[in-house]
Visitor: 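Mind looking over this structure? Questions follow.
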Amino acid sequence: MLFQHVAIAGLAHIDAPRRLSSDEINARLKPTLDRLGIRTDVLKDIAGIHARRLWDGDMLASDAATLAGVKALADAGIEPDRVGLLVNTSVSRDYLEPSTASIVSGNLKLSENCQNFDVANACLAFINGMDIASRMIERGEIDYALVVDGETAGLAYDKTLERLSSPDATEEMFRNELATLTLGCGAAAMVLARAELAPGAPRYRGGVTRAATQWNGLCRGNLDRMVTDTRLLLSEGLKLAQKTWIAARSALGWVAEEMDEFVIHQVSQVHTKAFVKAFGIDPKKVLTIFNEHGNIGPASVPIVLSKLREMGRLKKGDRVALLGIGSGLNCSMAEVVW
């Protein structure tokens with residue numbers, strides 16, 4: 001999946017406003033932690049997550065994605081009726097049907113000619129959405145595409161904290177459901193365009209993907225609960241990432257020292273340190289947000305990319321690597337040339 005004529009015309013992110021600290025979670029779970037004899041502060045000391053952001057009130061995934069979509073369209077300077085494809089990539093969703101994409105499309109008042117659908121692939125869905133949109137742009141089928149993501153973890157927090165606060169909660173339950181308490185809320189959106197319509201804009205080169213779907217049972221989640229084998233997920237995920245890295249070196253000519261920034265899907269400090277060590281990445285080239293925002297699922301990569309731009313860290317010509325692993329297991333690595 002390599003592209004010659006695809007540009008990033010607009011990019012935006014929305015940070016959820018309410019900060020929930022790990023200290024607050026630990027205080028609520030203290031009776032369970034004391035009863036089970038758990039002394040290690042797993043969330044802060046191991047995962048490195050000191051806080052996460054949640055939405056106020058009953059924010060729907062479509063509402064969050066719509067907010068980001070409005071910002072991205074404004075950033076691109078185009079009217080909604082010019083969008084030929086809308087892809088929603090959220091793990092969170094309003095309903096089983098209709099698609100969340102159809103609700104976002106209605107909210108944004110996109111054209112009746114704009115195709116819209118959801119793409120679900122755990123934490124890799126946003127990059128998958130970029131690839132699908134880029135293929136249509138590369139073939140000349142559309143001029144502009146909008147990829148959106150809105151993540152809402154409030155229900156999962158409420159239900160998980162309720163279960164783990166129960167006198168019947170076991171050490172196995174705590175271990176299996178702890179990853180849920182690393183999730184965060186947020187939203188992101190990106191406008192992709194035919195390069196000639198966005199002269200001077202960053203170019204999306206595309207990337208590579210690899211799968212190890214024999215490990216599809218390591219993380220399984222519903223809207224109110226997620227059960228994860230964190231150790232095996234990390235070890236098998238790294239093995240898959242190493243295969244994907246080899247493919248990226250071949251297809252994209254990657255050399256770690258020559259890349260200017262690495263946008264790594266934000267899971268925890270354990271995962272990030274493992275990635276950095278495995279591929280010889282300079283930690284200074286990795287912007288981390290997990291410590292204050294948690295794991296925002298597929299929105300994580302575009303949020304970090306947007307924050308890098310906001311901080312002024314991206315210069316013309318910079319080569320930016322996008323790296324992610326999603327439950328399933330699937331791995332994608334892609335490149336943006338700023």
Side-chain angles (χ1 to χ4, degrees), residues 1-2 46-47 87 89-92 118-132 134-135 147 149 151 172 175-180 182-183 204-222 225-256 259 262-281 286 288 290 294-302 304 320-336:
M1 292 179 289
L2 299 179
I46 305 300
V87 185
T89 63
S90 312
V91 170
S92 307
D118 291 344
V119 168
N121 193 19
C123 295
L124 284 187
F126 198 96
I127 296 177
N128 295 152
M130 292 171 64
D131 288 334
I132 293 167
S134 296
R135 287 179 176 185
V147 183
D149 191 289
E151 299 301 335
E172 182 181 12
R175 183 173 60 250
N176 288 343
E177 298 195 38
L178 182 67
T180 310
T182 68
L183 299 177
Y204 181 52
R205 290 190 66 198
V208 298
T209 65
R210 291 294 184 269
T213 50
Q214 66 270 30
W215 299 109
N216 64 73
L218 297 182
C219 180
R220 293 193 167 174
N222 296 310
R225 186 185 190 198
M226 185 170 71
V227 175
T228 308
D229 185 333
T230 54
R231 291 182 180 178
L232 200 54
L233 188 67
L234 174 60
S235 63
E236 293 303 327
L238 272 176
K239 291 177 186 176
L240 178 60
Q242 287 166 340
K243 294 179 180 178
T244 314
W245 178 267
I246 292 171
R249 285 194 313 193
S250 175
L252 298 164
W254 277 9
V255 177
M259 306 302 290
F262 290 85
V263 178
I264 299 176
H265 169 56
Q266 307 280 311
V267 179
S268 71
Q269 72 177 358
V270 176
H271 291 76
T272 302
K273 287 180 178 179
F275 257 66
V276 166
K277 181 178 179 181
F279 306 124
I281 296 171
V286 181
T288 57
F290 59 78
N295 177 1
I296 320 175
S300 173
V301 164
V304 172
V320 184
L322 313 181
L323 292 76
I325 299 175
S327 303
L329 288 168
N330 292 288
C331 183
S332 289
M333 296 186 182
E335 182 177 338
V336 172

Visitor: Atom OG of S332 and atom CG of N128: how far apart are they, to the nearest 0.5 Å?
Guide: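 It comes to 5.5 Å.
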
Visitor: Taking the side chain as everything from C-beta on, heavy atoms only, tell me whether E335 gets closer than 4.5 Å to L252.
Guide: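 Result yes, sub-4.5 Å side-chain heavy-atom pair found.
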
Visitor: Answer whether the closest heavy-atom distance between the side chains of F262 and L323 falls below 4.5 Å.
Guide: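 In short, these two side chains touch, coming nearer than 4.5 Å.
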
Visitor: Quick one: closest heavy-atom pair of A241 and C331, and the distance?
Guide: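 Looks like CA-SG, 3.9 Å.
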
Visitor: Rounded at 0.5 Å granularity, tell me how far CG in L178 sits from OG1 in T230.
Guide: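 That separation rounds to 7.5 Å.
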
Visitor: Shortest non-hydrogen contact from A334 to W254?
Guide: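 That would be O-CZ2, 3.2 Å.
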
Visitor: For Q214, look at atom CD and say whether over 12 heavy atoms of other residues, nucleotides or ligands are found less than 6.0 Å away.
Guide: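 Yes - once you tally the heavy atoms of other residues, nucleotides and ligands closer than 6.0 Å, there are more than 12.
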
Visitor: Can you name the salt bridge (charged side-chain N to carboxylate O under 4.0 Å, His left out) partners of D229, sequence neighbours left out?
Guide: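 Here no residue qualifies.
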
Visitor: Looking at every non-hydrogen atom in both residues, tell me the closest pair between E151 and S90 and how far apart they are.
Guide: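 Smallest interatomic distance, heavy atoms only, reads OE2-CA, 3.2 Å.
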
Visitor: Which heavy-atom pair separates S268 from A47 by the least distance, and what is that distance?
Guide: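 Heavy atoms of S268 and A47 come nearest at CB-O, 3.3 Å.
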
Visitor: Would you compute the distance between atom CD of Q269 and atom CZ of F290 and round it to the nearest 0.5 angstrom?
Guide: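 Reported value, rounded in 0.5 Å steps: 5.5 Å.
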
Visitor: Sequence neighbours excluded, which residues qualify as salt bridge (charged side-chain N to carboxylate O under 4.0 Å, His left out) partners of R175?
Guide: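 Expected list: none.
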
Visitor: Keeping Q266 on the side-chain end and I264 on the backbone end, is there a donor-acceptor pair under 3.5 Å?
Guide: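 Judged by distance alone, yes, a pair lies under 3.5 Å.
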
Visitor: Find the distance between NE2 (H265) and CG (L322) and round it off to the nearest 0.5 Å.
Guide: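 One finds 13.0 Å between NE2 of H265 and CG of L322.
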
Visitor: Quick check for you: to the nearest 0.5 Å, what is the distance between S235 atom OG and L218 atom CG?
Guide: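 The distance works out to 8.0 Å.
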
Visitor: Using every non-hydrogen atom in the two residues, find where E236 and L329 come nearest and quote the distance to one decimal.
Guide: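 Reported closest heavy-atom pair: CB-CD1, 3.8 Å.
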
Visitor: To the nearest 0.5 Å, how far apart are CG in L2 and CG in D131?
Guide: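 Rounded to the nearest 0.5 Å, the CG-CG separation comes to 9.5 Å.
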
Visitor: Is there a side-chain contact (heavy atoms from CB on, under 4.5 Å) between R210 and L240 once you walk through the steps?
Guide: CA-CA 7 Å; R210 291 294 184 269; L240 178 60; 3.7 Å; yes

Visitor: Would a 4.5 Å heavy-atom cut-off, applied to side chains only, mark T89 and V87 as touching?
Guide: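 A side-chain contact under 4.5 Å exists here.
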
Visitor: Closest approach of L124 and G326, non-hydrogen atoms and distance?
Guide: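 Looking at all heavy atoms of both residues, the closest pair is CG-N, 3.7 Å.
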
Visitor: Does any part of the side chain of T244, heavy atoms only, come nearer than 4.5 Å to the side chain of T209, both counted from C-beta?
Guide: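 No, side chains not in contact.
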
Visitor: Can you find a pair of side-chain heavy atoms, one from P298 and one from V91, that are under 4.5 Å apart?
Guide: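 Yes, close enough: below the 4.5 Å cut-off.
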
Visitor: Test of understanding: with ring-ring contact (aromatic ring centres under 6.0 Å, His included), list the residues that count as partners of F279, not counting sequence neighbours.
Guide: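 Partners of F279 under the ring-ring contact (aromatic ring centres under 6.0 Å, His included) test: W245, F275.
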
Visitor: Does the pair L238 and I325 meet the rule for a side-chain contact (heavy atoms from CB on, under 4.5 Å), with working shown?
Guide: CA-CA 9 Å; L238 272 176; I325 299 175; 5.7 Å; no

Visitor: Would you indicate whether the side-chain heavy atoms of M226 and E177 approach each other to under 4.5 Å?
Guide: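 A side-chain contact is absent here, since even the closest heavy-atom pair is not under 4.5 Å.
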
Visitor: Just so I know, are the side chains of T213 and N330 near enough to count as touching, which here means a heavy-atom distance under 4.5 Å?
Guide: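 T213 vs N330: side chains touch.
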
Visitor: Counting C-beta onward and ignoring hydrogens, is there a side-chain heavy-atom pair between S134 and M1 closer than 4.5 Å?
Guide: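 They are not in side-chain contact.
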
Visitor: Please determine, by modelled atom types, if T182 and N295 share a side-chain donor-acceptor pair under 3.5 angstrom.
Guide: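 Side chains of T182 and N295: no pair found under 3.5 Å.
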
Visitor: Start with the C-alpha distance between L234 and V270, add both sets of side-chain angles, then the distance that settles side-chain contact (heavy atoms from CB on, under 4.5 Å), and finish with yes or no.
Guide: CA-CA 9 Å; L234 174 60; V270 176; 3.5 Å; yes

Visitor: Would T288 and T272 count as a side-chain contact (heavy atoms from CB on, under 4.5 Å) if you check the C-alpha gap in whole Å, the side-chain angles of each, and the deciding distance to 0.1 Å?
Guide: CA-CA 8 Å; T288 57; T272 302; 4.0 Å; yes

